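The model shown is predicted, which means the values in this text are computed figures rather than measured ones.
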Amino acid sequence: MVAETGDVGLTFFLLICELFLHIWCIFTMCIFFLHLQVCKFASHKQSNKTKTDSLIICNVLYILSILCGLLFSLYVFFKTPKEVKPPEDLQDLGVRFLQPFVNLLSKGTYWWMNTFIKTAHKKPIDLKTIGKLPIAMRAVTNYIRLNEAFEAQKVCKAWNYVYLSIWRALCCAFGRPLLLSSTFRILADLLGFAGPLCISGIVHNTKILGVFFISSQEFLSNAYVLAVLLFFALLLQRTFLQASYYVAIETGINLRGAIQTKIYNKIMQLSTSNMSMGEMTAGQICNLVAIDTNQLMWFFFLCPNLWAMPVQIIVGVLLLYYLLGISALIGAAVIIVLAPVQYFVATKLSQAQRSTLEYSNERLKKTNEMLRGIKLLKLYAWEHIFHSSVEETRQKEMTSLKSFALYTSISIFMNAAIPIAAVLITFVVHAHLTTKADFSPSVAFASISLFHILVSPLFLLSSVVRSTVKALVSVQKLSEFLSSEEIGEEHDKSSELRSADNHSKYQAVVSNAITNGFFTWTPEGPPALSNIDIRIPQGQLTMIVGQVGCGKSSLLLAILGEMQKISGNIFWSRKRGSVAYASQKPWLLNATVEENITFESPFNKQRYKAVIDACSLQPDIDILPHGDQTQIGERGINLSGGQRQRISVARALYQQTNVVFLDDPFSALDIHLSDHLMQEGILKMLREDKRTIVLVTHKLQYLPHADWIIAMKDGNIQREGTLKDIQKSETELFEHWKTLMNRQDQELEKTIIERKTVLERTNLRRTMYSREALLKDDEEDEEEVTESDDEDNLSSVLHQRAKMPWRACGKYLSAAGILLLPLLVLSQLLKHTVMVAIDYWLACWTSAYSVFFSILCCLGIVLCLVTSIAVEWTGLKVTKKLHSSLLNKIILAPMRFFETTPLGSILNRFSADCNTIDQHIPATLECLSRSTLLCVSALAVISYVTPMFLIALVPLAIMCYFIQKYFRVASRDLQQLDDSTQLPLLSHFSETVEGLTTIRAFRYEAKFRQKLLEYTDSNNIASLFLTAANRWLEVRMASTLSLCIHNEFICLNSNKLPSGLVGLGLTYALMVSNYLNWMVRNLADMEIQLGAVKRINGLLKTEAENYEGLLSSSQIPQNWPDRGEIQIQNLSVRYDSNLKPVLKHVNAHISPGQKIGICGRTGSGKSSFSLAFFRMVDTFEGRIIIDGIDIAKLPLQTLRSRLSIILQDPILFSGTIRFNLDPEKKCTDSMLWEALEIAQLKHVVKALPGGLDAIVTEGGENFSQGQRQLFCLARAFVRKTSIFIMDEATASIDMATENILQKVVMTAFADRTVVTIAHRVHTILNADLVIVMKRGVILEYDKPEVLLEQEDSVFASFVQADK
């Protein structure tokens, strides 16, 4: 496939025209030079004026020719270049990456990128702009290639180990392009030696102004011929080098996509036990995707160096020996001897980086836990504990960062100092120990260039070796992952199941069943489920009940095939299809609300609306900024627990599957929402459609609705059957249930008509709540829209295309301090001044200068060390200051900040942005300052030596300015696009790992694989365009700077300068060509990286809570509050000064030791009431007096540390059980065991290895949801404060355990004031006083028995609905 003929012709014509202009310039110069020599040959008496005039005419015409060429190039580049389109068969696919389809000339010059670069300057680059990948580069194509190679290794059976098979497969699938890249690289390296050789020839021949008879040898020794050769050699060298880079990077990107796809396919087959038992975490898998695949990609990119470096070193040493003799070997020996030192430094650098990464991961884990539990930390006044914990880990990280900075500075120092040391030793030896030494400027400057070339591969050697070691480790990790245990594929057994004797009364068709089942999570572990013999009726509702931790959720997973089966059989009535599964822990996609509910199914408006109504989601959707099109954050972070739960259940209801599994869907819902969901969702939408429903629940009041009941206890089936069967055969169990439900026998036998009446009442309440929520949150909605507009404005500011963030740069440098910043600037200036002085003395070399030259070299080496240390030291000081300031600001920020700022956004400041400031900005700053000062000093030297060069420099500078201006804009956008497309890819991996059981239950593996391929291709196309843009820049800079070198040569020869200055000028001209490109690249990188500083400075403006109080510690009694008396006087609170009040003129008096129950519908202000005690909300009117002290006068730390609260959402931190109960380390073991006994957890903890020191995994994932809630209860019991607040604290606990806890609270806390915010109204029937709230005001306030006697009492209606 080729590009269109007209476009190819135009492209070729323009290139030929531009090349012809440059050749014509050189030809014109040669003609005038020949004319001058002919004149000299004809008449030796010709006046010098004629000769000078001829030279002036020659140079003026040459410069004018150059100007014409540059103007023509500018016109061609900027005057609407014609777009090169892909072949017609690819245009329909949206392919805009044209590198594989254009002609060879356009491939080498990246001419097709001109239109793209120009377009990028006018509007931001997005995924639509860059289009799609060509088919041959897509992830699925490369995955097929890799998988075929991998399977071929298995077929051969020559390598039985996965480790070797992976390497063989990678080489087989992606080895050929690397051979091509290596060939290009070797050719480029060989052409790189043309520079030193041509400089040597040019400088040597500047003394000969012409020849009379030209032989082939004399022709090649002519300075002008060598200049032309140098020009073309540089062009070819850069072209081959960029071609090598491009092929290697493209191969690495293709390889990365293939490996990521293979990892994802393996994830889909992973055994659940690998995740649940902690053998493999989501973080480890994400590291495998984000880090190890990139390590392999960069290894393949650096692979050509393995073959090119030996060739470069050997040729470099031979040429040095040819120029300098034995002294060259001494200098080369210095470099080679120091190579192991470089390798040692690189190894230490790698170790320090690995250590830093480990501490960074630990710090981020603690920071993540701190941010997720920030509400609990503030309520318990534990900010200082977790702040100290994060700071302690940060100190360890800083220690590793100091090592990293030290070895980085040594590496930078050696890279800069080794050529100076080698040159010094070589030249001194050559000048003093070698007899009849030829030490002309031609030899000197050629040798310097060769030493610089020789240092590069030896310096790169350490990087290649380090990358190779990392690749070996990554492949080892990959092989272990690919060898991990997979889920067992259970063959479908669809034989008819005959009813057993104990089920003879039940004649319905069985949907699925388990016979004699024993299941475990790990092959070596004990069975989690034993003697499982159950059958689930088809088209009916089955309920699974039992206490916390008895194995209800495990039974569902066993049926789905997620547990490892020891023995027994799982039967399905027909082939296992899709099962709509809602897990106990809600799993949400990072997508819109609508996409989470429809879940890849076709959109049906009528059904969607019915599901929204059944799950009572409409009021929540109405207050979201974009309705059901609002993007849900990762893990549903911007939603409440109840909202996440209902969206997860809505997904299951929406699906048109025959089987629906619901695991405790009511745990985070209040009684009204639960009733509505049960009636409208489960009974009406599912059971009436004859769907097979399996419901795990603690809500025993719904048992009368069940067609079949399975009761579990300690991993066994206690009983199964209908409710009437259990009533007859298991009287004791039935009576136990009846007691827990607070129902009489007649209530258990209510008719369906009565249920409809309850449903109507519930619907009315939901309508009231809907209106109330809308009224209450109108202003919040407006605020969210405002914030969204602010984000759009921020986005537009970030796309002010041509501006550098100088203010952020100033903030970064000013953070270094008043002493370090001048040291950094002065050391850099002095170093480059000394470097110029060394080269200048070399140009004027005599044997008498050797001592002074040696002193300058030694001073240069010292300054190299000072500058490298100064840069890294600056980076350390800045990163320490910024992180410390950020942590202090965030930990003390008000709760409103965390409610309005996405957690992921805050965490990114601590992770990605801090990592950028820690490790990337110092290195980029050093490279940018070095390349900039080298270019400035080079231009200064050239201008000093040949002032005429400034005339030719003007058009070249204009050209370079426009190139860098257009490149920076495109590069910044592409870099941001590369980063932004990587986030959804990693998020998709994380989502898949967390929702693996749900995806497999739905049988949606193929759909998620397709999404993975789309995310991978999007990331790869952004990476390829970024690579092509970098190559585009380097090719144009190489062409422009080749002209710069040629111009310098003309100016040097026209002025008859000494050969030393000619060498100096040409060497610095080569230096500009090498470093100007890096200056532009580093400028673009710095522009992106300074965005991290800007974002962190934005968070540093956050206002902190006022922790100071009007009372000093001496004015507050040590045992306050000792009685627990609470007086609330005309209290009005709001969440923010711009929002409406959530509590309005509340008055109440709570006597010491009273038990208070607070109830009300969702949004009535119950939780706000509890938060007011802790000053978590803005109290703008009224006051709260506890034991005679106004809490507004107390320091926040004192107030919050003297009260106790249990939140609805259970929060556990990674560590030990002891740490979770008592992070302040104030309690004895007996006190902790007492709290666990009160929380019904003593027997659970005693059974764990280590007891109180047993490990709690991140988020408490190794405990069930109910057990986590009980641990939170125990944590509050440990504090033993006189005021105890329970905010819907028993939502995830079965009713039996809840009743025990209520009795314990009433007895163990008889002398304490207990305020209970009721989730289940029956739990506060024994309270001393009940407060009923509505819309932020107290509606009813009396004893529960008094309120129950009133016919129109709202509390009485709540109790009736809770039955």
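- Although no hydrogens or angles enter the test, the distance criterion places a donor-acceptor pair under 3.5 Å between the side chain of N1019 and the main chain of D978.
- N590 has its side chain within reach of E991: a pair of non-hydrogen atoms, C-beta onward, lies under 4.5 Å apart.
- Note: H988 and F1008 have parallel aromatic rings, judged against thresholds of 30 and 60 degrees for the angle between ring planes.
- Applying the ring pair (Phe, Tyr, Trp, His ring centres under 6.0 Å) rule to pairs touching residues 284-305 yields W167-F299, Y245-F301, W298-F301, sequence neighbours excluded.
- Within the 4.5 Å cutoff, the side chain of E358 has no heavy atoms near those of the S400 side chain.
- Put simply, the side chain of S409 gets close to the backbone of L406: a donor and an acceptor are under 3.5 Å apart.
- Put simply, the side chain of Y264 does not reach to within 4.5 Å of the side chain of Q260, judged on heavy atoms.
- Listed for the S389 side chain is no donor-acceptor partner under 3.5 Å among the backbone atoms of I385.
- Here E1105 pairs with K378, P894, Y1107, L1196, R1200 under the side chain to side chain contact (heavy atoms under 4.5 Å, CB included) rule; sequence neighbours left out.
- The environment of CH2 in W587 is crowded: more than 12 heavy-atom neighbours from other residues, nucleotides or ligands sit within 6.0 Å.
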Checking T129 against D126 for the side-chain hydrogen bond (donor to acceptor under 3.5 Å, both in side chains) test, could you report, in this order, the C-alpha distance in whole Å, the side-chain angles of both residues, the deciding distance, and whether it holds?
CA-CA 5 Å; T129 307; D126 53 19; 2.6 Å; yes
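- Nearest approach of A1092 to D913, heavy atoms of both residues: CB-OD1, 3.6 Å.
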Residues F967, L1083; criterion side chain to side chain contact (heavy atoms under 4.5 Å, CB included); working and verdict
CA-CA 10 Å; F967 169 78; L1083 196 64; over 6 Å; no
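- I921 places a side-chain heavy atom less than 4.5 Å from the side chain of V1093.
- A405 and L876 make their closest contact through CB-CD1, 3.8 Å (heavy atoms, listed as atom of the first residue, atom of the second, distance).
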Does the pair I869 and L865 meet the rule for a side chain to side chain contact (heavy atoms under 4.5 Å, CB included), with working shown?
CA-CA 6 Å; I869 292 175; L865 180 62; 3.8 Å; yes
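- Remark: the backbone N or O of R363 is not paired with any side-chain donor or acceptor of T393 at under 3.5 angstrom.
- In the displayed structure, K477 atom NZ is contacted under 6.0 Å by at most 12 heavy atoms of other residues, nucleotides or ligands.
- Side-chain atoms of L1024 and L133, non-hydrogen and from C-beta on, do get closer than 4.5 Å to each other.
- Of the possible polar contacts, none joining the S411 side chain to the Y407 backbone as a donor-acceptor pair under 3.5 Å is found.
- Note: F1213 and F386 have tilted aromatic rings, judged against thresholds of 30 and 60 degrees for the angle between ring planes.
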Determine, stepwise, if the pair E926 / S868 fulfils side chain to side chain contact (heavy atoms under 4.5 Å, CB included).
CA-CA 8 Å; E926 191 278 331; S868 61; 5.9 Å; no
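- Sparse packing is recorded around NZ of K880, with 12 or fewer heavy atoms of other residues, nucleotides or ligands lying under 6.0 Å away.
- Remark: the Q828 side chain and the S929 side chain contain an N/O donor-acceptor pair separated by less than 3.5 Å.
- Side-chain contact between T251 and N254: absent, with no pair of heavy atoms (C-beta onward) separated by less than 4.5 Å.
- With sequence neighbours excluded, the residues satisfying side chain to side chain contact (heavy atoms under 4.5 Å, CB included) with Q351 are T347, K348, R354.
- For S827 against L824, the heavy-atom pair with the smallest separation is OG-O, 3.0 Å.
- Side-chain contact check for L170 versus I259: some heavy-atom pair is nearer than 4.5 Å.
- Shown here for V871 and P922, the closest heavy-atom pair between the two residues is CG1-O, 3.3 Å.
- Looking at E369, its side chain does come within 3.5 Å of a backbone N or O of S1214 through a donor-acceptor pair.
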Please report the C-alpha distance between R394 and E397 in whole Å, then the side-chain angles of each, then the deciding distance to 0.1 Å, and finally whether the salt bridge (Lys or Arg N to Asp or Glu O under 4.0 Å) criterion is met.
CA-CA 5 Å; R394 178 63 175 175; E397 186 184 5; 3.1 Å; yes
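- What you find for T356 and Q919 is that their closest heavy atoms are CG2-NE2, 3.6 Å.
- In this structure, W1032 and Q242 have side chains that are not in contact, with every pair of non-hydrogen atoms separated by 4.5 Å or more.
- A donor-acceptor pair under 3.5 Å is formed between the side chain of S980 and the backbone N or O of L977.
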In sequence, state the C-alpha distance, the side-chain angles, and the governing distance for E362 and K366, and then conclude on salt bridge (Lys or Arg N to Asp or Glu O under 4.0 Å).
CA-CA 6 Å; E362 184 182 348; K366 290 183 177 181; 3.7 Å; yes
Could you check Y812 against L925 for side chain to side chain contact (heavy atoms under 4.5 Å, CB included), going step by step and ending with a plain yes or no?
CA-CA 11 Å; Y812 180 87; L925 180 63; 4.3 Å; yes
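- Annotation: the span from L886 atom CG to F910 atom CZ amounts to 4.0 Å, rounded to 0.5 Å.
- Heavy atoms only, all atoms of each residue included: Q982 and N294 are closest at NE2-ND2, 3.7 Å.
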